[in-house]
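Only heavy atoms go into these numbers, but all of them, side chains included; no hydrogens, no water, no symmetry mates.
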Amino acid sequence: MNKLFVGSEIGQLRRVILHRPERALAHLTPTNCHDLLFDDVLSVEKALLEHDQFVATLESQGVEVLLLQNLLEETLQHPEAKQWLLKHQISHYRFGPTFSNQIRAFLLEKDNKELASILLGGLAFIELPFKAPSMLQQLSDPFDFVIEPLPNHLFTRDTSCWIYGGVSINPMAKDARKRESNHLRAIYRWHPIFSQQVFSQYFENENRDYDNATIEGGDVLVIGKGNVLVGISERTTPQGIENLAKQLFRTHQAKQVIAIKLPEDRSCMHLDTVMTHMDHNVFSVYPRVINKDMPCWSITPCGEQHLAIKEMPNFQNVLMAALDLDELNIITTGGDSYEAEREQWHDANNVLTIKPGVVVAYERNTYTNEKYDKAGIKVLPITGDELGRGRGGARCMSCPIERDGI
């Protein structure tokens, strides 16, 4: 059995979770897309073709691709998993006691494939075949959602991220994404790929209020050699990072967490939208955000229960020391100031490394891809004209569960 382990950002990628969000994208409209954290409405057919190309590109490199919807459908074959998931996704507090019971009964009649599609892609009031004695149902428009779609599940990196020998099922910052975590909790608990293996869990495997301790996987870079780089962003808080660090040290999975402060801006929502690791000493960065003078902290264990947190003066020196490097090769976003800003917006710096020096990137970012090529980085291009409008590139759309260390 292959081991669940992610030892770096650049070692050979072996297995990865992706999500092809057909039903959820079909439910995006100009009226609801912003509430669902999308900037625009995507062409569903084109987006799915682009995603299929992404899958084919990974498989051509020997990477095993697991699709989230298939994993969820297979998890729902376990009666305990189905009952647990419906209890938490269709709770009395979300719908009221009478209405929630009737929704659960309705969903229990669905086969596992359709149920997985509904949980991921949403359900409208007009699709319910019953009228409940519920004020919520009576006050809702027929085309309002009983279960809101989860189009951001497309970005499987965020909801859970594997760090060395364990996984963080992340407390998500935005209400539109919080339900995603329960799908991963169920999968990691009951699906046979995961249930038959022992691995650490850095946030407890519970549906609870983590208050201000939020974290998303797009801010977490497993840079290797026991180090983890995390961005403090609009989605990831210092409290979330400190809780993650404590669990990493408690389970002896990491020796240092490096935290850097990002601007709280839509264009650099996560660390991986402005910085990714491409080869042992090669990083892609957006220089308007990532530089040696950005606020940086080193977090290390202090005894069994405490953290040593020290502000550091030079981010690049901290990075080189962590990776035992004498120098860094920094590749900045390509083009002039206008072109670089456009390409960063379209995820030029958000690449998925397959193995050292080989990355998957959107083909539209021609200036940046040309710089990668000149630096000796092989780019495997994929079309992202539609997928990229969701504000996420190849790294955002992938959750590695097996990758070699360095």
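Checked for salt-bridge contact, E148 and R179 miss the test: no charged N lies under 4.0 Å from a carboxylate O. Between R15 and E402, at least one side-chain nitrogen of the basic residue sits less than 4.0 Å from a carboxylate oxygen of the acidic one, meeting the salt-bridge criterion. A salt bridge links D404 with R14: the distance from a Lys NZ or Arg NE/NH1/NH2 to an Asp or Glu carboxylate oxygen falls below 4.0 Å. Between D219 and R235 there is no salt bridge, since no side-chain N of the basic residue sits under 4.0 Å from a carboxylate O of the acidic one. Under the 4.0 Å criterion applied to side-chain N and carboxylate O atoms, E341 and R288 are assigned as salt-bridge partners. Salt bridge E50/K46: absent, no basic N to carboxylate O contact under 4.0 Å. Using a 4.0 Å cut-off between charged side-chain N and carboxylate O, R20 and E22 make a salt bridge.
To the nearest 0.5 Å, atom CD1 of residue I10 and atom CG of residue L352 are 12.5 Å apart. With rounding to the nearest 0.5 angstrom, the OG1 atom of T29 is 12.0 Å from the CZ atom of F143. Taken to the nearest 0.5 Å, the CD1 atom of I147 stands 10.5 Å off from the NE2 atom of H27. Summarising the geometry, atom CZ belonging to F54 is positioned 4.5 Å from atom CE belonging to M397; distances are rounded to the nearest 0.5 Å. To the nearest 0.5 Å, atoms CD (Q137) and CG (L128) are separated by 6.0 Å. Atom-to-atom distance recorded for L71:CG and L18:CG is 10.0 Å, nearest 0.5 angstrom.
Note on ring orientation: taking the six-membered ring where Trp is involved, the planes of F283 and H277 are parallel (angle under 30°, cut-offs 30° and 60°). F194 and W162 have parallel rings, their planes meeting at less than 30° on a 0 to 90° scale where 60° marks the start of perpendicular. Aromatic ring orientation, F99 versus F125: parallel (interplanar angle below 30°, classes split at 30° and 60°).
With hydrogens and angles left out, the side-chain atoms of N349 and Q344 include no donor and acceptor closer than 3.5 Å.
A centroid separation of less than 6.0 Å is found between the aromatic rings of H153 and H183.
The environment of CD in E59 is crowded: more than 12 heavy-atom neighbours from other residues, nucleotides or ligands sit within 6.0 Å. Residue-environment remark: NZ (K261) exceeds the threshold of 12 foreign heavy atoms within 6.0 Å. Residue-environment remark: NZ (K371) exceeds the threshold of 12 foreign heavy atoms within 6.0 Å. At most 12 heavy atoms of other shown residues, nucleotides or ligands fall within 6.0 angstrom of atom NZ in K378. Enclosure of atom CD in Q305 is not indicated, since only 12 or fewer non-hydrogen atoms of other residues, nucleotides or ligands lie within 6.0 angstrom.
Here the side chains of W297 and I232 are in contact, with some heavy-atom distance below 4.5 Å. Contact annotation: the side chain of L120 approaches that of L68 to within less than 4.5 Å [non-hydrogen atoms, C-beta and beyond].
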